[in-house]
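Below, read A as the first sequence line, B as the second, and so on, with proteins coming before strands; counting in each chain starts at 1.
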2 protein chains.
Amino acid sequence: MTPRILDEAALQAREEQIIDEAIKLIAKLGIENLTMDKVVAKVPYSKGTVYKHFIGKEDLLLAISNQAVKLLSGLFLRAFQFEGGTRERMLLSNFSYLLYAILHPVLFQTEICAKAPNVIGKSSEARIKEQDVLETKLMGAIFGIIEEAIADKSLLLPEHMDIQQLCFANWSMAYGTIALLSGEVEQCSGRTNLIVERELFNQCNLLFDGLQWKPLTKDKQHCSELRKTIEQVFPNELMLIKEKGRELNF
Amino acid sequence: MTPRILDEAALQAREEQIIDEAIKLIAKLGIENLTMDKVVAKVPYSKGTVYKHFIGKEDLLLAISNQAVKLLSGLFLRAFQFEGGTRERMLLSNFSYLLYAILHPVLFQTEICAKAPNVIGKSSEARIKEQDVLETKLMGAIFGIIEEAIADKSLLLPEHMDIQQLCFANWSMAYGTIALLSGEVEQCSGRTNLIVERELFNQCNLLFDGLQWKPLTKDKQHCSELRKTIEQVFPNELMLIKEKGRELNF
DNA sequence: ACCTTATAGTGACGAAACGTCACTGACGAT
DNA sequence: ATCGTCAGTGACGTTTCGTCACTATAAGGT
């Protein structure tokens with residue numbers, strides 16, 4: 001009466017397989033040339049099956065973005081677990097975001113795209129909900145660092161702001177910086193001469209100094225410290241970046 | 001021998017007419033449901049003519065975004081020309097961006113979309129160049145305020161940062177905040193309880209305090225001052241917002 | 001007046017992408 | 001062996017895109 005053969009795990013694996021192929025296609029053709037037909041052609045499943053997983057192209061894009069956020073979560077967690085001062089770890093978190101953006105340009109690009117209303121507007125409810133959960137979880141690591149900072153007195157919560165608002169302040173600053181600069185490698189724009197890692201570093205410090213988050217910039221060499229910390233916590237990522245011929249300048 | 005009848009001005013007018021109809025369509029159907037066919041149907045010109053102006057849908061979107069930036073420029077200029085302290089005017093600039101985002105959600109939404117690589121990737125070179133020029137011009141107002149601030153000693157340029165970087169720091173902060181929050185009216189997210197105008201206000205002050213931009217938050221009631229300034233410089237905009245049933249809470 | 005010529009404008013059309021649905025087949029239950 | 005159910009298929013109708021062969025128009029020449 002109930003001959004169900006749907007294996008939840010296998011289903012999940014298949015979904016990831018489709019996502020992986022889509023990522024490869026974006027890397028090869030650019031996100032603007034991704035089509036469902038091409039994805040279906042790359043994958044050992046039929047159109048109908050693919051559409052069982054994703055209600056449309058936008059839904060697939062959001063799924064890729066969610067996948068990316070999962071990957072990012074891992075980096076955030078490592079930054080969170082690093083033994084060091086709270087300000088240092090917060091800075092490290094933001095830089096783990098940057099490392100991810102440099103190492104996985106396709107994922108980051110898709111994440112940006114997935115924030116556009118024309119994508120959200122055509123995605124499934126479930127997928128949007130998933131995005132929400134993932135981003136909330138991501139914020140959790142940041143939230144934790146701030147809690148600790150307040151507990152050990154290195155940070156005093158400003159009047160009329162709670163921890164959540166502080167989380168958001170940090171997140172939006174890093175997001176704005178990386179989003180606006182990641183695309184610009186060489187453009188004859190008013191934004192030339194801006195190096196994403198340097199601007200991110202500066203802006204983090206401005207924000208943290210504005211919050212009076214100890215130790216202040218004037219009291220500590222955050223720059224050299226961050227360099228060491230990154231080498232310690234993200235050695236592989238740093239190596240991969242070097243292999244890409246990219247160097248971090250800040 | 002040379003019967004040219006192309007009137008540059010009329011051509012421009014027609015382009016704006018097409019853009020206007022597209023904006024109306026986005027407002028009605030949502031940006032995800034905009035199609036060139038629908039635009040052509042709304043406009044007294046044929047498909048071929050429309051495609052003379054815009055090489056494709058993405059190019060049209062970028063054109064709308066550029067139109068939006070022009071509108072925004074006017075607001076920025078008014079903030080720039082306001083007679084008041086430099087910090088106050090900078091704050092006002094950022095809020096003019098917010099007013100625009102609230103008053104013209106379609107334009108702002110399109111602006112966000114137009115930053116996505118899948119749109120840029122399919123736009124014409126000329127249009128991208130135009131975007132660049134417009135954004136540089138926009139930055140000009142911000143740049144000017146900072147120059148003045150440095151001149152009158154209310155702001156000291158931090159070590160290892162130039163004016164351009166400071167401009168960018170401000171821009172990316174405001175962009176990140178508004179972009180991440182503008183979509184969220186009521187969502188059951190980790191980002192609930194965040195009110196865009198309040199967060200923008202807080203983050204501006206954190207950044208400016210971090211820069212030691214006088215007068216500091218502890219020395220002045222920026223909040224009530226900003227309220228007055230907005231009423232003075234943007235009375236119409238404020239009225240329109242009220243008519244929309246929206247109220248600024250910060 | 002009439003023809004010439006070059007450009008503006010048109011919309012039918014083919015290609016491409018989308019998303020659906022009637023069908024197939026595989027497997028467990030009876 | 002038969003039946004019922006559901007995963008999987010891919011052909012097909014639809015939508016959207018963008019082009020291009022053609023028409024209309026207007027200025028200049030004769």
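A centroid separation of 6.0 Å or more is found between the aromatic rings of B/Phe234 and B/Phe95.
Across every non-hydrogen atom of B/Ser46 and B/Val40, the tightest pair is C-CG1, 4.1 Å.
Atom C1' of nucleotide C/dT20 and atom CD1 of A/Ile55 are separated by 14 Å, given to the nearest angstrom. Whole-Å rounding puts the B/Leu60 CG to D/dC17 C1' distance at 14 Å. Rounded to whole Å, the distance from CG on B/Asp7 to C1' on C/dG9 is 16 Å. One interatomic measurement links the two molecules: NE2 of B/His53 to P of C/dT10, which rounds to 10 Å at whole-angstrom precision. Taking atom CZ on B/Phe54 and atom C1' on D/dT19, their separation rounds to 18 Å, with Å as the unit.
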Distances under 3.5 Å between protein N/O atoms and the N/O atoms of nucleotides 14-18 of chain C, please, pair by pair.
residue, atom, partner, partner atom, Å
C/dC18, OP2, A/Met36, N, 2.6
C/dC18, OP2, A/Asp37, N, 3.4

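Remark: B/Glu58 does not engage B/Arg127 in a salt bridge, criterion side-chain N to carboxylate O under 4.0 Å.
Note on residues 18-30 of chain A: pairs passing side chain to side chain donor-acceptor pair (under 3.5 Å), not counting sequence neighbours, are A/Glu21-A/Lys24.
Not one side-chain nitrogen or oxygen of A/Ser46 sits closer than 4.0 Å to the OP1 or OP2 atom of D/dG10.
Ring geometry, B/Tyr100 versus B/His104: the interplanar angle falls from 30° to 60°, so the pair is classed tilted. Under the 30°/60° scheme for interplanar angles, the aromatic rings of A/Tyr97 and A/Trp171 are found to lie parallel.
Near DNA chain D, defined here as any heavy-atom distance below 4.0 Å, there are no residues from residues 14-27 of chain B.
Side-chain atoms of B/Asn94 and B/Leu98, non-hydrogen and from C-beta on, never get closer than 4.5 Å to each other.
A/Glu199 and B/Ser172 form no side-chain donor-acceptor contact under 3.5 Å, judged by distance and modelled atom types alone.
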